[in-house]
Structure formats: C-alpha cells, structure tokens
Amino acid sequence: MSASAPVRRASLWLALLLLSGCPTPLDDDDATTPAADDDDATADDDDTADDDDTADDDDSAADDDDATTPAPSTTLTLLSPSAGSVLEVINSFSAQIDGDAPGIATLTFDGDVVSQRVFNVATGIVDFDIDTGAYPDGAYTVAIAAPSWGLSDSVVVTFENGDLLRYDWADIPYVYEATQPVAASLNVVPPAVSLGLMVTPQPGDPFQGLFGYALNPDGDWAIGGPNTTVYPMGASAAGPWAGVIPNHDTVPWLTGGYNLYPWGDASADGNDFDLTALVKRSFGPVEAGLLHMDFYFVTGVTETAASAPTSAPFQNFLDALEAVYLQAGIALGDIGYYDVGNSGFANIADYDELVSLFESGITSDERVVNVFVVNDLAMPSANPLGVTSHIPGPALLNGTGQAGVAIVDDYIQSNEPGTAAALAGHEIGHYLGLYHGTEVGGAESDPLPDTPASCNAGGCWETNLMDPYLYGSTTLTPDQAWVMLRHPVVELVPASQLPARIAAPVFDYADGLPEGPVPHFCGVGAASAPPNP
C-alpha cells in the first residue's frame with residue numbers, strides 16, 4: 001500500500017508556569033528589634049528581673065505557653081506526578097511527608113482545591129484519584145499542601161485529552177443468555193456530551209451477531225432498550241459493533257455511573273470480548289466540528305493517491321462535500337490519500353469482500369472516516385452506488401471490518417461534484433449516526449423531531465440528504481447536525497474556526513446514469529434486532 005502522507009494539524013500548547021513560594025513565619029513577640037512598647041524592650045519592659053522571664057514565668061520550660069512544639073515533619077514531597085508529566089483521563093496523585101502524626105493534605109490545581117485527605121500515619125503517604133477528564137487541557141500547577149504544618153510542594157504538568165477520552169477493557173467473558181452478564185463500569189463526568197461504546201471480538205473470532213448494551217446512572221437502558229434507540233441496534237458479524245449515547249436528542253443525557261455490556265448470539269458463547277468507551281467532552285456549546293477523512297483508491301479506479309490531491313474533479317467533489325456538511329457546522333479537516341494494491345477490490349460482489357476491503361485500511365487509532373473508492377458495488381440484494389459498514393460506524397478502530405464507507409467513482413470520474421457529494425455525504429451521514437428519514441414503504445421513521453418523512457406505502461419523495469433514494473436534496477436539519485456532532489470521530493471546535501458557508505452544490509446526474517431517484521444500499525445489517533438480555 002502506498003500513501004501520500006496527509007497533512008495533520010499541529011496544536012500549540014501555551015504552558016503556564018506558576019511558582020509557589022515558601023510560607024511566611026508568623027510575627028513573634030520575641031523579635032529582637034527593640035521598640036518602646038515591645039516586650040523585649042529594656043528598663044520598664046517585662047524582661048526585667050521581676051518580669052515574666054524569671055524562673056517561674058510563662059517563658060520557662062515544659063509548661064511554658066510560648067514553648068515551640070516540635071514539628072512532626074520537615075519536608076513534604078509530591079511523589080507523583082513528576083514535573084513535566086502529560087496526564088490523560090484518570091490519574092493517581094501521591095505525596096509523602098516526614099513524620100508520624102496525622103494531618104490534612106490539600107491537593108490543588110492552579111490554586112483551586114480539588115481534594116482533601118488525611119495522611120496515612122504509618123507511611124506518611126496520601127493518595128488521590130482524580131479524573132482529569134473533568135478539566136480543560138493545558139498546563140497546571142499541581143500542588144500538595146499540609147496547611148497545619150505550613151508545608152507545600154508543587155510541579156507543573158500538562159493535561160492532554162483533547163475532546164475525546166478513551167477507556168479500554170480487555171478479555172471480558174461472554175456467556176450466552178447469562179442472567180448476570182459481565183459489565184464494565186464507567187463514571188462519566190461533566191463536561192461529557194456523549195458516550196460511544198464499541199464491542200470488539202478477539203482476533204480471529206467473528207460472530208454471527210454482535211451487539212452492545214448500556215445502563216445509564218438511573219439504571220435505565222441507554223443503549224438496547226425499546227425507548228432509547230432510533231432503530232434496533234444492528235448485528236455486526238465482522239466486528240466491531242458501535243453505538244453512541246445519546247443517539248438522538250429526545251434521549252435524556254446523564255453523567256454519572258454507566259454499566260457497559262458486550263452482547264452476542266449463541267455463536268459467541270464462551271468467547272471473550274474487548275470493550276472500548278469513548279467519552280466526548282465539551283467545555284462550551286457543541287456548535288461545530290472537523291471531519292478528518294482518509295480516501296483509499298482501489299486498483300482500477302480513475303484516481304490514485306498521487307493524482308487525487310491535484311485532480312480538479314476530486315477536489316471539486318471535496319469542496320461540494322464540505323458545502324453539504326457546513327449546514328451541520330462540520331468542516332472537512334485533514335484529508336489523507338492511499339492506494340489499495342489488491343485489484344480484486346475494484347468490483348465488490350458480496351458482504352465478505354466489503355469487510356475485507358475495510359480491513360485493508362491502515363490499522364490505527366487515527367480519528368478519521370475511511371472512504372474507499374471502487375468501480376462497482378454489485379451486492380447480492382442491490383447494486384448500490386455507496387454503502388456504509390454500520391450505523392453508526394466505529395471510531396479509532398481503523399483497519400477493522402466495520403471501519404469504512406465505500407462509494408463508486410462514477411460521479412467523480414464525470415466531474416459531477418454535486419451528485420458525488422450527495423452520495424458520499426449520505427453514506428458518511430450513516431457512519432456518523434443518521435438513519436433514513438423514512439424507510440422505503442414508510443414502516444420505520446427516524447424520530448428526530450425536525451426530520452421530515454420521505455416515504456409512505458405509495459412511494460418516496462425528495463426532502464433531505466438522508467432520503468432512502470437520492471432525489472436531489474442535500475439539506476440537513478439541526479437535529480441531524482446534533483447527532484453527527486456527538487459522534488466520537490468528529491472533532492469539536494468553536495464555530496469561529498469554520499470556513500464561511502458557500503452555496504449548496506447543485507445536484508447533477510452524470511451521462512448514462514438514471515435521472516431522478518438513485519437507488520443505493522445503506523447500513524448493512526442495521527435492520528436486525530438484537531436479542532434481549
């Protein structure tokens with residue numbers, strides 16, 4: 001596989017260095033500088049022969065009120081983190097004091113108290129577990145203080161999570177129809193705005209059905225229950241299965257403790273699953289995002305990794321695609337270009353070949369959507385112009401059988417950017433969590449409140465980018481934007497970082513392709529209902 005390296009954005013971190021000074025000793029009445037009325041003055045002072053400094057006065061030994069109590073400690077040291085550390089998600093903070101007396105330890109970030117605990121008398125050590133996901137990224141002065149002893153220590157460290165926190169659990173055993181299935185517990189802290197759950201089989205163990213479930217902090221279904229999903233969560237025979245909470249804006253979003261369950265069918269009994277949770281956070285309004293994409297060109301299509309970056313038809317297509325997604329506050333970010341050397345992928349004939357195509361992507365945890373450009377998608381039940389692996393697609397699991405979108409290159413070849421953008425935009429919309437406004441026949445509808453119906457028993461008509469047939473509309477609604485912005489693969493940014501809106505692309509048809517509705521096939525397996533746990 002050859003590649004033209006994508007240009008990735010670099011972030012500039014501004015480190016804030018705060019210096020902590022030593023505590024100032026309290027003023028003492030026994031200071032040496034004489035003053036007219038000071039207790040250390042001369043003739044008429046209390047330091048004369050008959051004053052309180054005599055053998056039986058209060059300044060004498062053991063029973064003297066001014067006696068100095070020996071400090072139980074002379075040093076206080078942060079054991080972790082060390083200066084210059086980069087911290088992600090949950091971290092342990094630890095400090096040690098010389099001494100054997102109990103005392104309060106106060107942990108602060110940039111002067112704000114985040115926790116207080118008592119030193120362990122036996123060891124002189126105190127430990128704190130802090131989820132740094134609750135704090136914006138940046139440089140922090142982490143300080144430990146023992147206020148009663150006037151001791152402190154501090155270091156400058158960096159919190160670096162971006163807007164996405166990743167949690168992984170490995171080797172979770174699965175028992176089919178277990179009454180108490182094994183769950184992974186996760187405490188989701190503000191400012192989280194969504195939770196992505198992905199279930200992955202062990203390598204070499206694909207199953208006939210793979211699902212995920214989750215209970216929210218109230219003990220209600222967050223994924224898997226009848227009132228929490230747009231449609232039943234679909235099977236994912238090649239893995240990984242993916243779901244996002246919330247997957248539409250009528251589902252209550254709660255932070256707190258979640259229980260996450262992998263789920264499969266009888267073919268998965270006795271195997272182990274891996275779980276990945278992606279917590280998306282925002283410290284301001286969720287208003288805009290960047291969508292990074294890697295394009296893979298199979299042998300035999302017009303474009304290649306070398307030609308596409310300067311190809312007018314391909315760049316026109318990208319411009320039109322960005323115009324479609326800017327309606328949802330999403331701009332295109334980094335674009336990568338790669339060649340797939342296997343000529344057998346030029347014409348995809350069945351689902352197994354599609355899975356193999358998606359697995360040919362570079363295995364990585366890059367935050368991208370992989371788009372595979374092919375000559376033909378001759379699937380058994382349809383002859384589509386595009387297909388999405390899963391609704392929604394997984395994030396950070398590139399090179400797996402569900403990590404991809406495939407489109408034919410007809411409209412790109414003929415330089416019809418509006419139609420090519422509508423086709424790719426529709427399929428990527430599925431990957432980001434959007435369903436059809438209404439399915440063909442009208443039996444199932446996306447419950448997003450502002451998404452118009454597009455089909456009934458008598459037929460379908462033009463309404464939206466997510467119509468089950470492409471009739472010419474590329475519009476997106478605010479609720480559809482709400483869903484896409486919460487998918488883990490979309491990087492949240494302020495709206496001020498978006499380019500100016502441009503006119504929506506004209507939906508046009510290439511010579512030799514049908515004018516009117518363009519049939520295509522979306523979301524393989526997404527209509528399958530999972531078993532009830």
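Treat the numbers as computed from the prediction; the structure is a model and nothing was measured.
- Taken from NE2 in His390 to NE2 in His430, the straight-line distance is 13.0 Å, to the nearest 0.5 Å.
- You'll find the side chain of Tyr411 reaches within 4.5 Å of the side chain of Leu385, heavy atoms only.
- Ring centroids of Phe295 and Tyr338 are separated by 6.0 Å or more, keeping the two rings apart.
- Residue Asn259 holds its CG atom at 10.0 Å from CG of Asn216, rounded to the nearest 0.5 Å.
- Looking at heavy atoms from C-beta onward, Ile362 lies out of side-chain contact with Asp294 at the 4.5 angstrom threshold.
- To the nearest 0.5 angstrom, Leu448 atom CG is 10.5 Å from Met466 atom CE.
- Evaluated for a side chain to side chain contact (heavy atoms under 4.5 Å, CB included) with Ile428, the options Val371, Val489, Leu434 yield exactly one hit, Val371.
- The side-chain heavy atoms of Asp131 and Asn187, taken from C-beta on, include no pair separated by under 4.5 Å.
- A salt bridge between Asp137 and Arg281 is present, with a side-chain N of the basic residue lying under 4.0 Å from a carboxylate O of the acidic one.
- Aromatic ring centres of Phe314 and Phe297 lie closer together than 6.0 Å.
- Checked against the 6.0 Å centroid threshold, Phe211 and Trp241 do not count as a close aromatic pair.
- Here the rule is ring-ring contact (aromatic ring centres under 6.0 Å, His included) with Phe358, and of Tyr296, Phe372, Tyr351 only Phe372 fits it.
- Two residues are said to be in side-chain contact when any heavy atoms from C-beta on lie closer than 4.5 Å; Trp169 and Leu186 meet this criterion.
- You'll find the side chain of Phe109 reaches within 4.5 Å of the side chain of Val142, heavy atoms only.
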